[in-house]
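Heads up: the structure comes next, in structure tokens.
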Amino acid sequence: MDFDRPAPELAPALIGATLTVRGCAGIITETEAYSPDDPAAHSYPGPTKRNAAIFGPSGHAYVYRSYGLHWCLSIVGQPGHAVLIRALQPIAGLDLMADRRGTAKRLALGPGNVAQALGITLNDYGRPFGPPEFRITDGAPVDLVTGPRIGITKAADWPRRFGLKGSRYLSRPFPR
DNA sequence: TGATGGATCGCCT
DNA sequence: GGCGATCCATCAG
């Protein structure tokens, strides 16, 4: 996987890839692209202490807290570019995920749930993807669906949400 | 130095 | 479908 590219290219490329984190793994079914020219992106105001990882090397994790209580995981592309992981189809470590989630349903649908299921916290801020226990591996080519983004107020209608076509493992359906 | 407002989720009706 | 929980970087004064 070549991470060193703009988010709008990297986000669709990640769909169908497998994300492995410390014994848990899932197929990436939903992503959103955030580029530095995007008013909704955390990198939009330029580098700060909080978003420093987005301006660091590609293929690293950018972790942030959402609404004061959820962790969310993004993957850094070119400087200033990041891709939010919004949903996974769990394929390994289901018991551990269910344990962390407190339920066996919707194990990793929605960015907050993905991070919770995988045990992602600020400890993983800036961590590189690559080692066996923390990596992303390419999947077979897949069909995609595209739509407006979720949960943001600025430029929400930019078609920068990507999903695995026909998947049951989406945080929400895509509009037609 | 204080106020503000999110790349959300789950429970309640 | 509507709302409360709860943190902290950023911005205004």
Side-chain angles (χ1 to χ4, degrees), chain A residues 3 5-15 19 21 24 26 28-56 58-90 97-127 129 136 144-164 168-175:
Chain A
F3 297 105
R5 40 184 163 164
E9 271 182 47
L10 181 57
L14 285 168
I15 302 293
L19 171 63
V21 175
C24 293
I28 299 172
T29 55
E30 187 180 335
T31 59
E32 277 179 8
Y34 290 89
S35 51
D37 60 338
D38 175 356
H42 289 174
S43 57
Y44 185 68
T48 65
K49 184 177 179 184
R50 175 210 195 198
N51 68 21
I54 309 178
F55 294 90
S58 67
H60 287 226
Y62 166 59
V63 179
Y64 67 94
R65 198 190 283 281
S66 174
Y67 290 87
L69 50 164
H70 307 288
W71 294 110
C72 295
L73 171 66
S74 291
I75 296 168
V76 178
Q78 281 182 352
H81 292 254
V83 176
L84 174 68
I85 305 299
R86 288 194 52 89
L88 300 177
Q89 173 180 347
M97 292 193 210
D99 215 44
R100 292 198 184 106
R101 295 271 296 111
T103 170
K105 295 182 181 178
R106 298 180 66 85
L107 279 183
L109 307 187
N113 291 336
V114 168
Q116 186 180 35
L118 297 178
I120 298 283
T121 68
L122 255 206
N123 286 333
D124 298 303
Y125 188 95
R127 189 186 297 280
F129 286 96
I136 293 172
L144 303 181
V145 284
T146 306
R149 295 179 292 184
I150 293 177
I152 58 178
T153 52
K154 289 166 275 191
D157 56 334
W158 292 19
R160 292 198 171 184
R161 177 179 176 227
F162 302 90
L164 179 57
R168 297 168 40 231
Y169 298 91
L170 298 174
S171 65
R172 297 168 46 171
F174 279 73

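Order of the sequence lines fixes the chain letters, A, B, ..., with proteins taken first and strands second; residue numbering starts at 1 for each chain.
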Rounding to the closest angstrom, what is the interatomic distance between [N] and [M] at atom [atom1]?
N: C:dA5; M: B:dT13; atom1: P; result: 15 Å
N: B:dC9; M: C:dA9; atom1: C1'; result: 22 Å
N: C:dG13; M: B:dG5; atom1: P; result: 12 Å

Counting only side-chain N and O atoms of [X], is one of them less than 4.0 Å from OP1 or OP2 of [N]?
X: A:R86; N: B:dT8; value: yes
X: A:R160; N: B:dA7; value: no
X: A:H42; N: B:dA7; value: yes

Rounded to whole Å, please give me the gap between [atom1] in [X] and [atom2] in [N].
X: A:R172; N: B:dG10; atom1: CZ; atom2: C1'; result: 15 Å
X: A:D38; N: B:dG6; atom1: CG; atom2: P; result: 14 Å
X: A:E30; N: B:dT8; atom1: CD; atom2: P; result: 11 Å
X: A:L109; N: B:dT8; atom1: CG; atom2: C1'; result: 14 Å
X: A:Y67; N: C:dG4; atom1: OH; atom2: C1'; result: 13 Å
X: A:H70; N: B:dT8; atom1: NE2; atom2: P; result: 9 Å
X: A:W71; N: B:dC9; atom1: CH2; atom2: P; result: 15 Å
X: A:L73; N: B:dT8; atom1: CG; atom2: P; result: 14 Å

Any donor-acceptor N/O pair, [X] side chain to [Y] backbone, under 3.5 Å:
X: A:D38; Y: A:Y34; result: no
X: A:R100; Y: A:A117; result: yes
X: A:R149; Y: A:A155; result: yes

| When the nearest nucleotide of DNA chain B is assigned to A:T153 and to A:S171 on a heavy-atom basis, which residue is associated with the more 5' position? |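 Comparing both residues, the 5'-ward one is A:T153.
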| message | I want to confirm an ordering. Mapping A:Q116 and A:V83 to their closest nucleotides on DNA chain B, which one lands closer to the 5' end? | response |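 Checking each residue's closest nucleotide, the 5'-ward one belongs to A:V83.
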| said: Considering every strand and a 4.0 Å limit on heavy-atom distances, what is the contact class for A:R106: base, sugar-phosphate, or nothing? | reply: nothing
| query | Contact class for A:I152 vs. all strands (heavy atom < 4.0 Å): base, sugar-phosphate, or nothing? | reply | sugar-phosphate
| task | Please check if any side-chain donor atom of A:Q116 sits under 3.5 Å from a side-chain acceptor atom of A:R101, or the reverse. | result | yes
| task | Quick one: look up who B:dG2 pairs with, Watson-Crick or G-U, both distances under 3.5 Å, and put none if it's unpaired. | result | C:dC11
Counting only side-chain heavy atoms from C-beta out, which of [options] sits nearest to [X]?
X: A:T48; options: B:dA7, C:dC7, C:dA9; answer: C:dA9
X: A:R50; options: C:dT10, B:dT8, C:dT6; answer: C:dT10
X: A:N113; options: B:dT8, C:dT10, B:dC9; answer: B:dC9
X: A:S74; options: B:dT8, B:dA7, C:dT6; answer: B:dA7
X: A:R101; options: B:dA7, B:dG10, B:dT8; answer: B:dG10

| Quiz item: A:Y64 side-chain donor-acceptor pair to B:dA7 base, under 3.5 Å | yes
| message | Could you tell me if the side chain of A:Y64 sits less than 4.5 Å from the side chain of A:P111, heavy atoms only? | response | no
Donor-acceptor pairs are to be reported for all side-chain atoms of residues 67-89 of chain A against protein atoms at under 3.5 Å, with residues two or more places apart or in another chain.
from, atom 1, to, atom 2, distance (Å)
A:H81, ND1, A:A7, N, 3.0
A:R86, NE, A:E30, OE2, 2.8
A:R86, NH2, A:S171, OG, 3.1

